[in-house]
Amino acid sequence: MKQICVIGVGYVGLVTAACFADLGNRVCALDVDDKRVENLKKGVMPIYEPGLEELVKRNTKSGRLSFTTSYSDGLAGAEFAFIAVGTPSGIDGNLIIINKSTVPIGTGDWVADIVKSAQPKPIDFAVVSCPEFLREGSAIADFMGPHRNVIGSLERDAADKVAQLHLPLRSPIVITDLRTAEMIKYASNAFLATKISFINELADLCELVGADVKEVAAGMGYDARIGRYFLDAGLGWGGSCFPKDVQALAYMAKERGLNPRILNDVMDVNYDRRKLVSKQVEKLLGGNVKGKTVGMLGLAFKENTDDMRDAPSVDISNALVAAGAKVRGYDPVARVTAAPLMPAVEIFDDVYKMAEGCDALIVVTQWNEFKQLDLEKIKELLKTPVIYDGRNIYDPNLMREMGFTYQAIGRGNHKK
Ligand code: UDX
């Protein structure tokens, strides 16, 4: 059992703290936000993440997980300190400082300089980069079953100690230097975003040549060099990571005199998709959405989260409202987080009530709940049975047989 302090109880920090506690370590999670810490002590979560509340409560009850706003309490006796926000100050005793936040290349060196300059007297410490690869909505599963763990440091001894901490996860461990570890994080996110923008661009071509992008992706994905993951054509990516990381990587390249053509196009292809949606819905509704009511299935940037950061639904609803439509929305968990970002959108807490009287529905995220909707009932409730499936969750043949005017993404005419 190791003594660990996690600084910053946001998304990454809270999941990291709860999982390491669940692995049998004693973890103190530290945050400067009094309210957040008070709530966590009462078992109130600051974010929606499947399984997190139960994990936090179980480990708090067992005494392995605790919360504090005090650095001295949090760091007392700690051998490892994970940074999941900014940089700590006032440290004594041997400590391995681990950067978990996604930070510009070179930040690890910078943290080392800051700590060195802040110490009253020189003592041993090491800085390690250990980027997270957690996906919202499956963060705990991603932590407990990672594809790999990346550990970067100039001090091999410190890297080995952090590697030992991850041994119970039985995943490949990549040990490298600080900057390379920081770059692996950016490159991984940027490449995943590139895969999505590629398949989205291909989807447009599939539509024109009558091919089915979903089957194209499946056929490509059998090739282990390509892989089926992250080849789901749709409304593109959003969230707190891909937009920020692709942009930051492009900026780092530009700053150093390079022209990040691929990254720039990856971003352009992604955001152009959102602009396309309102135009295609307009076409489906006879060329004009003025006075029409359009409902959005899903508001957060993806399913299984309430996170609205860079959510496509905001841009899509803004474009529809600007074109004169009345817009409604439904999301299983993001109603509260969505409301302030889309004041013109009427948000419902019942999907069928939302659909009632709509002229068209747009599938924005792929919640299982949407895949299991009673489509007969939806068809009856809709004023006109028009569905724009922005996540290809329905079977085009079935939808047409049911009498829907149905449009998917890149699924050609999909006649079998
Ligand atoms: C991502 C990375 O996956 C994770 O490793 C990293 O740590 C943080 O950033 P997250 O942003 O939570 O995780 O979401 P993810 O599941 O990766 O989806 C990102 C976006 O891509 C979402 O908007 C999703 O809807 C979209 N997406 C994903 C697609 O459009 N097609 C796909 O095939 C996969």
Side-chain angles (χ1 to χ4, degrees), residues 190-238 242 246 260-289 294 296-298 301-303 312-313 315-316 319-320 323 359-366 370-371 375 379 384-416:
F191 187 74
L192 292 172
T194 303
K195 277 186 92 171
I196 297 167
S197 287
F198 173 82
I199 202 73
N200 281 333
E201 186 162 286
L202 198 78
D204 297 344
L205 181 55
C206 284
E207 206 130 325
L208 299 173
V209 298
D212 181 339
V213 73
K214 220 170 170 173
E215 293 181 11
V216 171
M220 290 165 62
Y222 286 113
D223 184 330
R225 296 168 299 173
I226 301 171
R228 175 61 186 83
Y229 285 120
F230 283 64
L231 285 180
D232 292 335
L235 299 180
W237 39 264
F242 283 7
V246 176
R261 284 164 292 181
I262 294 177
L263 296 173
N264 288 338
D265 285 343
V266 164
M267 291 188 273
D268 291 348
V269 167
N270 190 60
Y271 292 105
D272 286 352
R273 299 207 73 68
R274 299 177 188 188
K275 298 178 194 142
L276 206 60
V277 178
S278 57
K279 295 203 181 60
Q280 292 194 325
V281 170
E282 229 165 47
K283 238 193 285 172
L284 286 173
L285 291 174
N288 191 344
V289 294
V294 179
M296 295 189 296
L297 291 172
F301 83 94
K302 67 172 195 176
E303 58 285 357
S313 63
D315 299 338
I316 293 167
L320 286 167
D359 296 278
L361 290 181
I362 304 173
V363 178
V364 179
T365 62
Q366 48 187 323
F370 302 154
K371 296 174 184 172
L375 292 169
K379 188 161 174 279
T384 48
V386 174
I387 291 196
Y388 181 85
D389 187 351
R391 295 293 173 184
N392 289 345
I393 64 172
Y394 299 126
D395 173 353
N397 290 331
L398 176 71
M399 295 303 278
R400 294 192 185 111
E401 277 155 26
M402 290 180 73
F404 282 100
T405 302
Y406 173 79
Q407 174 155 0
I409 305 272
R411 306 203 70 182
N413 303 324
H414 193 82
K415 295 236 176 358
K416 279 240 180 117

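This chain uses plain numbering: 1 for the first residue, then up along the sequence.
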Please determine if Asp204 and Arg273 form a salt bridge, counting it only when a charged side-chain N lies under 4.0 Å from a carboxylate O.
yes
Would you check if Leu285 and Val294 make a side-chain contact, meaning some heavy-atom pair closer than 4.5 Å?
yes
Restricting to non-hydrogen atoms, name the atom on Ala233 and the atom on Ile409 that form the minimum distance, rounded to 0.1 Å.
CB-CG2, 4.1 Å
Please name the pair of heavy atoms, one in Ile226 and one in Met220, separated by the smallest distance, quoted to 0.1 Å.
CD1-O, 3.6 Å
Which of Asp212, Val213, Val363 passes side chain to side chain contact (heavy atoms under 4.5 Å, CB included) with Asn392? It is Val213
Can you name the closest pair of heavy atoms from Arg391 and Phe301 and give their distance?
NH2-O, 4.4 Å
Check: Phe242 and Asn270 side chains under 4.5 Å, non-hydrogen atoms:
no
Interatomic distance, Asp232 atom CG to Lys214 atom NZ [nearest 0.5 angstrom]
7.0 Å
If you take all heavy atoms of Ile199 and Ala217, which pair is closest and at what distance?
CD1-CB, 4.1 Å
Which heavy-atom pair separates Asp395 from Asn397 by the least distance, and what is that distance?
OD1-N, 2.9 Å
For Arg411 against Pro396, the heavy-atom pair lying closest together
NH1-CD, 3.4 Å
Phe370 side chain reached by Asp389 side chain, heavy atoms, under 4.5 Å
no
